[in-house]
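Below: the structure, in structure tokens.
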Amino acid sequence: MRVGIADTTFSRVNMGAIAVDELRKHASVAIERVTVPGIKDLPVACKKLIEERRCDIVMALGMPGGKDKDKICAHEASTGLIQCQLMTNTHIIEVFVHEDEAKDDRELAWLMEQRTREHAVNAVKLVLHPKDLERQAGTGQRQGFEDAGPARR
Ligand SMILES: Cc1nc2c(=O)[nH]c(=O)nc-2n(C[C@H](O)[C@H](O)[C@H](O)CO)c1C
């Protein structure tokens, strides 16, 4: 299994290093990593990881800032990532943590690490253990903050 990791220098946490650390705990993986300035640079970086470096799946890691223009950037980047998935028929797990999701720096650092680690596990499951995800269908999983859990009547 070859996993691509694309992350950014804009992010305030080294999400790429965390993803690599978590992936290595769960599978024997070859890792191809690239770091770009910001989230809008992620789609082409991911496309290159898939097409030129033959990744089976890619994690796109980024931190949109808290301003309105950052949120527009995040939407644009997200649209690019979806387009890239459709062009390449390959999953890109978008791991974005918005800076204003957390109440302070400490919580932000925790959330960025937690979401990155949980999505690294999802990436391994998507490629190697898809039945594990099927077993979790409808269970209200969340990455980072607490799971929502299943809705009950
Ligand atoms: C406004 C802005 N906001 C963010 C952001 O919230 N998070 C991020 O990672 N990058 C941001 N950028 C930078 C762009 O994504 C990109 O790196 C530059 O436009 C250069 O292509 C920009 C320009």
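Note that ligands are numbered from 1 as they come in the structure, with each ligand's atoms numbered from 1 the same way.
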Using the rule given for side chain to side chain contact (heavy atoms under 4.5 Å, CB included), can you reason through T116 versus L61, listing the C-alpha separation, both sets of side-chain angles and the distance that settles it, and then say yes or no? CA-CA 8 Å; T116 300; L61 308 155; 3.9 Å; yes

Set out, in order, the CA-CA distance, both residues' side-chain angles and the distance that settles side chain to side chain contact (heavy atoms under 4.5 Å, CB included) for V124 and I57, then state yes or no. CA-CA 9 Å; V124 172; I57 193 164; over 6 Å; no

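Residue contacts with ligand 1: G62 is excluded, as none of its non-hydrogen atoms falls under 4.0 Å. In this structure, K67 has no heavy atom closer than 4.0 Å to ligand 1.
R115 has no carboxylate O lying under 4.0 Å from a charged side-chain N of E118, or vice versa, which leaves the two without a salt bridge. The residues D132 and R135 are annotated as salt-bridged, a charged nitrogen and a carboxylate oxygen being separated by less than 4.0 angstrom. The residues E113 and R117 are annotated as salt-bridged, a charged nitrogen and a carboxylate oxygen being separated by less than 4.0 angstrom. Between R33 and D7, at least one side-chain nitrogen of the basic residue sits less than 4.0 Å from a carboxylate oxygen of the acidic one, meeting the salt-bridge criterion.
With a heavy-atom cut-off of 4.0 Å, E99 does not touch ligand 1 at all.
When only modelled atom types and interatomic distance are considered, T88 and E51 share no side-chain donor-acceptor pair under 3.5 Å.
Shortest contact from atom 22 (C) of ligand 1 to any protein heavy atom: C73 SG, 3.6 Å. Closest to atom 6 (O) of ligand 1 among all protein heavy atoms lies G65 N, 2.8 Å. Closest to atom 13 (C) of ligand 1, if we only count protein heavy atoms, is G38 CA, 4.2 Å. Here the heavy atom of the protein found nearest to atom 1 (C) of ligand 1 is D70 OD1, 3.3 Å. Looking only at protein heavy atoms, the nearest one to atom 15 (O) of ligand 1 is K40 N, 2.9 Å. In terms of protein heavy-atom proximity, atom 16 (C) of ligand 1 is nearest to D41 OD2, 3.3 Å. Of the protein's non-hydrogen atoms, I39 N, 2.9 Å is the one closest to atom 9 (O) of ligand 1.
For a threshold of 3.5 Å applied to N or O pairs, the pair formed by P64 and ligand 1 contains no separation below that value.
Of the candidates R54, K48, E52, R53, E32 forms a side chain to side chain contact (heavy atoms under 4.5 Å, CB included) with just one, namely R53.
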